[in-house]
Each structure stands twice: as structure tokens, then as C-alpha cells.
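See structure below.
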Amino acid sequence: MPADASSPIHNRIGAVFVHVTDMQRAIAWYSTLLGVPQSVTSHEGLIYDVPMDGPTGLTLDGHAHARGALQPGGPLLMLHADDIHAAHAFAGEHAREVGPVEDIGSVSVFHLADPDRNRLIIYAENRPGDTS
């Protein structure tokens, strides 16, 4: 449960994003730096979850580069919620530029921006049989 029961968004970081221009080079570098085995990418080769100890993930994100952006950019981190729709409604009242809820397989997400336009992601795990 979030520290402030009035917010459905937890004060727990699910993942930190590192925006990369060369996914394979980044995978090799982070794997060597952290002494972890290399695995496979997801989302058409644009996302790679570096194996980490502990609950916070490290996600290499190639989306900005794939779109032809000159500088990597995009969400900085991902925050957890139990109920994506409650979190989305809450964010709509308190955040800037709230995007739609998207089901991307194992999780549902939405993007939002803080007052300085820093982009974040809110996610909730999809439960089997959940049709929301």
C-alpha cells in the first residue's frame, strides 16, 4: 500500500530507464560492468531488462533512437500501482500530460509528465483473467 493512502501510486520505483542509441553495445557494457549474463531483448529489440538484485529494475530503452531522435529521451523511471485505472484517474487530477492506459502484455502502463515535463511511467501487473 502507498505510504499516503490517499494516492493509489506507490512510493516505490519499479525500474530506472537508461536511454541508449546502440542496444547491443549497451547490453554488453552493462552486463560486463555488473557481471551479469546477457539475455534477450523484448518489445521488438527496443527494451532490455538488465538482471538486477533487488526489486528495482534497470531497463535499457532504445525507443527514442528508433524514432530517429537526435538525443535519447523518454521516461526516466517507472512507479508501481496495484490498480492501474485508479492510478490513472488520480494522475489525471494531479499530473501534467497524462496518456492513456496501455496493456503491453504482462503489465498495463500509462505515461505522464511532472510540472517540469519529466516523463514517468506508472505500471500495474496484469493478473490472469483480468479483462480491464
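Only heavy atoms go into these numbers, but all of them, side chains included; no hydrogens, no water, no symmetry mates. Nothing fancy with the numbering, it's 1 onward along the sequence.
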Original post:
If you group Ile, Leu, Val, Met, Phe, Trp and Tyr by side-chain heavy-atom gaps below 4.5 Å, do I27 and L33 land in one group?
Top reply: yes

Original post:
Which residues satisfy the side-chain contact (heavy atoms from CB on, under 4.5 Å) test with L120, sequence neighbours excluded?
Top reply: L77, L112

Subject >> Any donor-acceptor pair under 3.5 Å from N126 side chain to G105 backbone >> reply: yes

Original post:
What residues form a side chain to side chain donor-acceptor pair (under 3.5 Å) with D114, not counting sequence neighbours?
Top reply: N118

Original post:
Which ILVMFWY residues can you reach from Y123 by hopping between side chains whose heavy atoms are under 4.5 Å apart?
Top reply: F17, M78, I104, V107, V109, I121

Original post:
Which residues satisfy the side chain to side chain donor-acceptor pair (under 3.5 Å) test with D83, sequence neighbours excluded?
Top reply: none

Original post:
Considering residues at least two apart in sequence or located in another chain, which fulfil the ring pair (Phe, Tyr, Trp, His ring centres under 6.0 Å) criterion with F90?
Top reply: H94

Subject >> side-chain contact (heavy atoms from CB on, under 4.5 Å) partners of A28, counting only residues at least two apart >> reply: Q38

Original post:
Can you check whether H85 reaches V101 side chain to side chain, under 4.5 Å on heavy atoms?
Top reply: yes

Original post:
For the residue pair M52 and L34, what are the closest heavy atoms and their distance?
Top reply: SD-CD1, 3.9 Å

Original post:
In this structure, are over 12 heavy atoms from other groups packed under 6.0 Å from E44 atom CD?
Top reply: no

Original post:
Who pairs with A87 by side-chain contact (heavy atoms from CB on, under 4.5 Å), at least two apart in sequence or on another chain?
Top reply: P8, I9, A81, F110, I122

Original post:
Given the rule in the side-chain contact (heavy atoms from CB on, under 4.5 Å) test, do I47 and H63 qualify, once you have shown the distances and angles that lead to the verdict?
Top reply: CA-CA 8 Å; I47 293 290; H63 282 94; 3.6 Å; yes

Original post:
Among all residues two or more places apart in sequence or in another chain, which pass the side chain to side chain donor-acceptor pair (under 3.5 Å) test with E97?
Top reply: R117

Original post:
Can you list the residues that meet the side-chain contact (heavy atoms from CB on, under 4.5 Å) rule with V18, with sequence neighbours excluded?
Top reply: V20, Y30, L58, L60

Original post:
Do V36 and S31 have side-chain heavy atoms sitting under 4.5 Å apart?
Top reply: yes

Original post:
Can you find a heavy atom in the side chain of T59 that is under 4.5 Å from one in the side chain of V16?
Top reply: no

Original post:
Is a side-chain donor or acceptor of H43 paired with a backbone partner of Y48 at a separation under 3.5 angstrom?
Top reply: no

**OP:** Could you list who else is in L76's hydrophobic cluster, with ILVMFWY side chains joined at under 4.5 Å, directly or through other members?
**Re:** none

Original post:
Out of curiosity, R127 CZ to D82 CG, how far, rounded to the nearest 0.5 Å?
Top reply: 7.0 Å

Subject >> Contacts of type ring pair (Phe, Tyr, Trp, His ring centres under 6.0 Å), residue H111, not counting sequence neighbours >> reply: none

